[in-house]
**Q** 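One structure is given below, represented as structure tokens, and several questions about it will come after.
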2 protein chains.
Amino acid sequence: MSPSRKTYHHGDLRQSVLAAALDVIAAEGPGALSLRDLARRAGVSHAAPAHHFKDRTGLLTAIATEGYDLLAAALAGTPELRERGVRYVRFATEHPAHFQVMFQPDLLRADDPELLAAKERASAELRAGVAGLPDVPDARTAGIAAWSLAHGFATLVLTGNIEAALGDREPEDYFRSLTGLLFTGQLPQKDRS
Amino acid sequence: MSPSRKTYHHGDLRQSVLAAALDVIAAEGPGALSLRDLARRAGVSHAAPAHHFKDRTGLLTAIATEGYDLLAAALAGTPELRERGVRYVRFATEHPAHFQVMFQPDLLRADDPELLAAKERASAELRAGVAGLPDVPDARTAGIAAWSLAHGFATLVLTGNIEAALGDREPEDYFRSLTGLLFTGQLPQKDRS
DNA sequence: GCAGTATCTAGTCAGTGACAAGTTGATGGT
DNA sequence: ACCATCAACTTGTCACTGACTAGATACTGC
């Protein structure tokens with residue numbers, strides 16, 4: 001950002017690197033991420049980012065952690081299950097880089113305490129979505145069904161697999177009508193044999 | 001495999017590299033894939049794989065292509081939509097490496113003709129699943145709903161996000177009962193406000 | 001048995017992640 | 001006012017990787 005730094009310290013390197021990383025991931029995927037490139041963009045030496053994130057995995061773990069907190073915040077305070085699904089999809093489209101990294105465990109340090117804590121916060125919000133449902137015999141399975149539907153839809157949107165069906169509609173709107181189709185019985189309740 | 005080759009030619013390097021690549025990806029993810037490592041495993045020089053796959057992206061594109069054909073074959077000849085979903089999930093658990101690579105577009109050469117052709121063959125099978133459904137007002141949306149559900153479930157299984165709920169049940173069995181829950185109206189048809 | 005081609009080797013280059021050791025600047029205690 | 005301590009950053013280096021080039025070797029059709 002600052003054209004020619006005069007200070008020895010960058011001042012806000014951590015945030016600067018994080019933001020640049022999100023740009024790169026959203027544009028070209030996590031594979032294109034290079035710590036040295038991020039350092040160049042921030043105008044610091046090649047080893048500077050390592051001080052904040054330890055290594056490449058550390059950076060991606062930090063992004064995933066941030067992602068889970070953003071997701072928890074996005075879901076919080078929504079009473080209805082269906083609308084929670086819509087918000088899940090919206091989160092994925094608004095934060096594609098976070099979403100991708102969160103669900104690619106081989107990029108992350110799976111046992112990182114902060115990551116686990118953030119993941120648990122988001123998980124609690126997901127569970128809260130089905131808790132208030134009336135007359136659900138198996139709440140856990142129902143929750144997983146709902147999660148699968150929203151997650152699958154979001155993933156297919158981000159991977160460009162349903163562009164044709166979307167047309168120019170917003171993914172979250174399409175998802176809302178899709179769930180309407182499911183929950184109002186317009187789908188065959190049972191397709192036999 | 002062969003402890004000390006005497007022949008100059010490997011004989012089946014392409015298949016050998018592909019198989020080793022699938023092992024690595026299934027065990028450590030696509031990020032851990034190294035052409036040089038694959039060459040070492042096959043006992044050939046570091047540049048030999050490049051002759052068959054051009055570059056890293058080429059190798060992954062070949063894997064994705066193979067994956068789409070395996071998926072099309074797995075889905076073919078199944079009349080019922082629900083059972084197609086089960087087979088989709090089974091494909092993902094039986095071929096986790098293929099599945100991961102197929103849905104990570106940033107790893108692939110998206111415009112590769114063979115990839116596109118294989119993708120279209122699989123896509124046709126997916127569409128065929130909803131074609132025979134009775135009384136579906138919006139077949140396309142219903143198809144995307146079904147695909148989202150199966151894809152989301154498969155993805156969450158592979159990323160280790162629903163291990164706890166699965167217990168020791170096979171993912172495909174769990175998915176079968178999950179869809180039963182949806183299609184027999186045990187879920188509230190509408191949860192409003 | 002010969003030409004042409006597919007397969008593989010050997011050598012090289014720039015880019016990368018990780019690490020070690022040193023430099024700069026900020027902070028807080030006395 | 002001083003200094004110890006620590007965080008933030010730099011410089012230098014190493015092993016490894018993907019990609020490219022030129023050349024050696026084996027197979028195939030004729």
Side-chain angles (χ1 to χ4, degrees), chain A residues 1-21 23-25 27-64 101 104 106-109 112 114, chain B residues 1-21 23-25 27-64 101 104 106-109 112 114:
Chain A
M1 290 302 169
S2 50
S4 63
R5 270 184 312 115
K6 40 202 162 197
T7 61
Y8 185 87
H9 282 0
H10 178 281
D12 200 13
L13 184 57
R14 186 185 163 94
Q15 283 307 314
S16 187
V17 166
L18 271 177
D23 283 348
V24 172
I25 295 173
E28 309 173 60
L33 204 72
S34 149
L35 291 181
R36 289 176 112 99
D37 179 49
L38 295 177
R40 276 190 293 270
R41 291 176 188 236
V44 294
S45 81
H46 60 101
H51 183 260
H52 294 275
F53 301 104
K54 167 75 178 168
D55 55 16
R56 210 183 109 101
T57 303
L59 168 59
L60 290 165
T61 302
I63 290 177
V101 172
Q104 225 164 317
D106 56 295
L107 298 178
L108 310 175
R109 213 174 319 273
D112 181 271
E114 297 186 30
Chain B
M1 292 303 169
S2 49
S4 64
R5 272 184 310 115
K6 40 200 162 198
T7 62
Y8 185 87
H9 281 3
H10 178 280
D12 201 14
L13 183 58
R14 186 186 163 93
Q15 283 307 314
S16 186
V17 167
L18 270 178
D23 283 348
V24 172
I25 295 173
E28 310 172 60
L33 203 73
S34 147
L35 291 180
R36 290 175 112 100
D37 178 50
L38 296 177
R40 277 189 293 270
R41 291 177 188 234
V44 295
S45 83
H46 60 131
H51 182 261
H52 293 274
F53 301 104
K54 167 74 177 168
D55 54 17
R56 211 183 108 101
T57 303
L59 168 60
L60 290 165
T61 302
I63 290 176
V101 173
Q104 225 164 316
D106 56 296
L107 298 178
L108 310 175
R109 212 172 324 270
D112 181 271
E114 296 187 31

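Letters go in sequence order (proteins before strands), and every chain restarts at 1.
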**Q** List the residues meeting side chain to side chain donor-acceptor pair (under 3.5 Å) with R14(B), not counting sequence neighbours, and say none if there are none.
**A**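 Scan of R14(B) (side chain to side chain donor-acceptor pair (under 3.5 Å), adjacent residues dropped) gives none.
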**Q** Can you give me the closest heavy-atom contact between L35(B) and P49(B), atom names plus distance?
**A**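 That closest heavy-atom pairing would be O-CG, 4.1 Å.
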**Q** Of the non-hydrogen atoms in V24(B) and A32(B), which two are nearest, and what is the gap between them?
**A**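 Scanning both residues, the minimum pair turns out to be CG1-O, 4.0 Å.
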**Q** Once you round it to whole Å, what is the distance between P of dA6(C) and CG of L13(B)?
**A**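 Result: 16 Å.
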**Q** Listed in order of residue number, which residues of residues 51-63 of chain B have a non-hydrogen atom at under 4.0 Å from DNA chain C?
**A**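 Listed by number, they are H51(B), H52(B).
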**Q** What heavy-atom pair brings A39(A) and S45(A) nearest, and what distance separates the two atoms?
**A**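 The answer is CB-O, 3.3 Å.
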**Q** Within the 4.0 Å heavy-atom criterion, would you say L33(A) contacts the bases, only the backbone, or no part of the nucleic acid?
**A**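 Result for L33(A) = sugar-phosphate.
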**Q** Please determine, for the side chain of L35(B), which listed nucleotide (dG12(D), dT16(C), dA19(D)) has the closest atom?
**A**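 The listed nucleotide nearest to L35(B)'s side chain is dA19(D).
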**Q** Could you check whether R40(B) gets within reach of a base, just the sugar-phosphate, or nothing at all, counting any heavy atom under 4.0 Å?
**A**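 The residue R40(B) makes sugar-phosphate contact but no base contact.
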**Q** Once you round it to whole Å, what is the distance between P of dT16(C) and CG of D37(A)?
**A**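 From D37(A) CG to dT16(C) P: 7 Å.
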**Q** What's the NE2-C1' distance between H46(A) and dT11(D), to the nearest Å?
**A**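 So the NE2-C1' distance, H46(A) to dT11(D), works out to 6 Å.
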**Q** Which nucleotide in the set dT17(D), dA10(C), dT16(C) lies at the smallest distance from any side-chain heavy atom of S34(B)?
**A**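 Closest nucleotide to the S34(B) side chain: dT17(D).
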**Q** Charged N to carboxylate O under 4.0 angstrom, K54(B) versus D112(B)?
**A**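 The answer is no: the pair does not qualify as a salt bridge.
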**Q** Among dT11(D), dT9(C), dT13(D), which nucleotide sits nearest the side chain of R36(A)?
**A**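 Closest of the options to the side chain of R36(A): dT13(D).
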**Q** Could you check how far CZ of R14(B) sits from P of dA6(C), rounded to whole Å?
**A**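 Distance, rounded to whole Å: 15 Å.
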**Q** Can you identify which nucleotide, out of dA19(D), dT10(D), dT11(D), has its nearest atom closest to the V44(A) side chain?
**A**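 Looking only at side-chain atoms, V44(A) lies closest to dT10(D).
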